[in-house]
Amino acid sequence: MKLPAFCLALLFALPAQAADWGILPFPKESGIFRVEDYVDALKMVKGINAPIQVSVNAWSEMEPRTGRFEIEKHLGGLAYGHSDLGLTPYFGISVINTTRRDMPAELMQTAWDDPVMLQRFEALLDATLEKIPTTLPTFIIGNEVDVYFESRPDEIAPYLAFYAKASAAARLRFPQAKIGIAVTYEGLIKGRSEIIKQMVAASDAAFFTYYPIFDMTAQPVANVPAHLAHLVASAQGKDVYLQEIGYPSAMGASETQQAEFFAIAIPAVEALPQIKLASIFLLHDLDPKLCRSLTGYYGLGNAGALTQALSDFLCSLGVRRLDGTPKPAWDVVARLLSAR
């Protein structure tokens with residue numbers, strides 16, 4: 001596929017290497033989950049110089065029943081990528097995932113500062129050591145938590161009390177890891193900056209997810225460098241890890257705009273040495289059934305236009321299509337990352 005002129009210009013303008021890059025290796029759709037498709041996805045991202053594998057896993061999935069852990073099922077792929085392909089794992093546990101707690105059902109109403117919460121979390125940490133290397137570079141405790149706390153401000157102080165002890169427990173097991181709490185860039189725009197400030201202050205580094213999508217509206221890609229500069233300025237002088245970075249090819253955007261986003265975003269990230277990691281979300285588009293499931297998870301159900309917008313967003317974030325064919329964004333990403 002021939003690159004447009006603006007992509008070629010940026011390709012030769014990249015500064016010295018700054019961030020490490022990854023692409024969430026979601027495999028192409030083949031009707032059923034096949035291990036070979038997942039392995040192909042891992043090899044594909046490694047092949048374009050994107051050797052970082054970010055995985056933030058649900059506590060509720062890793063411990064579906066009290067004291068019964070399914071570590072191989074949920075962390076086996078991360079372990080394989082590390083041990084067999086040399087990918088670097090960046091790991092986390094989503095005790096909160098955007099809009100809701102993400103933990104075993106019997107803990108959903110447990111106070112954050114209840115000793116039982118910490119005891120159960122430490123047991124899960126011990127179980128993850130079966131697959132996760134102790135040389136882990138980062139460890140996340142909570143994903144996009146500013147969204148959750150916007151409507152639950154009374155939980156912030158107890159959560160931070162839990163986090164202080166949970167991060168100390170994680171540090172004992174993963175002594176090299178920078179430990180933190182992931183928040184959204186959108187939260188800085190939509191009035192959650194005070195919550196974000198508290199979470200960044202509690203963390204070893206500033207962990208953000210970045211999608212230039214505000215109120216389910218894709219923003220002009222020309223604004224990306226300013227967004228990233230704003231994000232870095234909000235990091236309190238700490239290193240920045242973009243746990244997720246992406247742009248849809250639907251929801252009012254297009255495949256061409258998605259390609260333009262990465263043509264601008266990759267050099268913009270590279271120009272900011274404070275950004276140490278950028279993980280692209282994601283390799284292949286999600287299956288529509290999974291997208292519908294996720295809109296339900298986020299509490300939208302069948303809420304009409306908003307549900308459709310979120311589904312379009314989630315279903316079009318891949319730089320390759322559901323059937324495995326590349327979008328224009330893939331060509332941009334592959335060329336720019338391979339040239340680093």
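A quick note: this is a predicted structure, and the numbers were derived from the prediction, not measured.
Judged by distance alone, the side chains of N143 and S94 never bring a donor and an acceptor atom under 3.5 Å apart. Counting only N and O atoms by type, the side chains of D215 and T217 include no donor and acceptor under 3.5 Å apart. For the residue pair E244/S279, the side-chain donor-acceptor check at 3.5 Å is not satisfied. Between the side chains of Q53 and Y90, not a single donor N or O lies within less than 3.5 Å of an accepting N or O. When only modelled atom types and interatomic distance are considered, Y247 and E260 share no side-chain donor-acceptor pair under 3.5 Å. Residues D102 and S60 bring a donor and an acceptor atom of their side chains to less than 3.5 Å of each other. Using modelled atom types, one finds no donor on one side chain facing an acceptor on the other under 3.5 Å when comparing E144 with T184. Checking K238 against S203 by side-chain atom types alone, no donor-acceptor pair falls below 3.5 Å.
Judged by the 6.0 Å and 45° rule, R171 forms no cation-pi pair with F174. A cation-pi arrangement, defined by a distance under 6.0 Å to the six-membered ring centre and an angle within 45 degrees of its axis, is present between R101 and W112.
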| Given Y148 and E155, is the side chain to side chain donor-acceptor pair (under 3.5 Å) satisfied, shown in steps? | CA-CA 10 Å; Y148 176 85; E155 291 190 38; 2.8 Å; yes
| task | Assess whether side-chain contact (heavy atoms from CB on, under 4.5 Å) is satisfied between T209 and V183, documenting all intermediate values. | result | CA-CA 6 Å; T209 62; V183 292; over 6 Å; no
| request: For L272 and L228, run side-chain contact (heavy atoms from CB on, under 4.5 Å): C-alpha distance rounded to whole Å, both residues' side-chain angles, the deciding distance at 0.1 Å, then the answer. | output: CA-CA 8 Å; L272 294 167; L228 293 173; 3.8 Å; yes
| request: List the steps, then state whether side chain to side chain donor-acceptor pair (under 3.5 Å) holds for E270 with W21. | output: CA-CA 10 Å; E270 294 286 287; W21 287 85; 2.9 Å; yes
| task | In sequence, state the C-alpha distance, the side-chain angles, and the governing distance for I280 and L24, and then conclude on side-chain contact (heavy atoms from CB on, under 4.5 Å). | result | CA-CA 6 Å; I280 294 170; L24 189 70; over 6 Å; no
| query | side-chain contact (heavy atoms from CB on, under 4.5 Å) between V333 and I23: does it pass, once the steps are laid out? | reply | CA-CA 10 Å; V333 169; I23 305 177; 3.9 Å; yes
| said: What verdict does the salt bridge (charged side-chain N to carboxylate O under 4.0 Å, His left out) test give for K28 and D40, after you've listed the backbone C-alpha separation in whole Å, the side-chain angles of each residue and the deciding distance to 0.1 Å? | reply: CA-CA 9 Å; K28 67 180 180 180; D40 286 346; 6.0 Å; no
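A salt bridge is defined here as a Lys NZ or Arg NE, NH1 or NH2 lying under 4.0 Å from an Asp or Glu carboxylate O, and E29 with R321 fails to meet this definition. One finds no salt bridge joining E63 and R68 here, because no Lys/Arg side-chain nitrogen approaches an Asp/Glu carboxylate oxygen to under 4.0 Å. Salt bridge D113/K165: absent, no basic N to carboxylate O contact under 4.0 Å. In this structure, E150 pairs ionically with R192, as a charged nitrogen and a carboxylate oxygen lie closer than 4.0 Å. Between K178 and D204, none of the side-chain N atoms (NZ, or NE/NH1/NH2) sits under 4.0 Å from a carboxylate O, so this pair counts as no salt bridge. R173 and D126 are joined by a salt bridge, as a carboxylate oxygen and a charged side-chain nitrogen come within less than 4.0 angstrom of each other. Under the 4.0 Å criterion applied to side-chain N and carboxylate O atoms, E61 and K73 are not assigned as salt-bridge partners.
Counting only heavy atoms from C-beta outward, the side chains of L78 and K131 never approach each other to under 4.5 Å. V319 is listed as a side-chain neighbour of F262, based on a closest heavy-atom distance under 4.5 Å. S249 places a side-chain heavy atom less than 4.5 Å from the side chain of K327. Contact annotation: the side chain of I213 never approaches that of E186 to less than 4.5 Å [non-hydrogen atoms, C-beta and beyond]. Within the 4.5 Å cutoff, the side chain of I48 has no heavy atoms near those of the M44 side chain. Residues D20 and T88 form no side-chain contact, since every pair of their non-hydrogen atoms from C-beta on lies 4.5 Å or further apart. At least one side-chain heavy atom of L286 sits under 4.5 Å from a side-chain heavy atom of C291.
Hydrophobic clustering (ILVMFWY, side-chain heavy atoms < 4.5 Å, transitive): M199 and V240 are in one cluster. A continuous path of ILVMFWY side-chain contacts below 4.5 Å connects F261 to L231, so both sit in one hydrophobic cluster. Cluster membership check: I275 shares its hydrophobic cluster with L336, using side-chain heavy-atom separations under 4.5 Å among Ile, Leu, Val, Met, Phe, Trp and Tyr. Using a 4.5 Å cut-off between side-chain heavy atoms of Ile, Leu, Val, Met, Phe, Trp and Tyr, with links allowed through other members, F91 and F207 fall into different hydrophobic clusters. Both F139 and V95 are part of a single hydrophobic cluster, where members link through side-chain heavy atoms under 4.5 Å apart.
No option in L125, L107, D114 other than L107 meets the side-chain contact (heavy atoms from CB on, under 4.5 Å) test with R120.
Taking both residues in full, the closest heavy atoms of A50 and L87 are given as O-CD2, 4.5 Å, listed atom of the first, atom of the second, then distance. For the residue pair A170 and I179, the shortest heavy atom distance occurs at CB-CD1, 3.9 Å.
Ring geometry for H227 versus Y185: interplanar angle of 30 to 60°, hence tilted.
In this structure, Y241 has its ring center no closer than 6.0 Å to that of F208. Checked against the 6.0 Å centroid threshold, F26 and Y38 do not count as a close aromatic pair.
We find the CG-CD1 distance between N57 and I132 to be 7.5 Å, quoted to the nearest 0.5 Å. Put simply, CE on M251 and CD on Q308 are 11.5 Å apart, with the number rounded to the nearest 0.5 Å.
Other residues, nucleotides and ligands contribute only 12 or fewer heavy atoms inside 6.0 Å of the CD atom of Q109.
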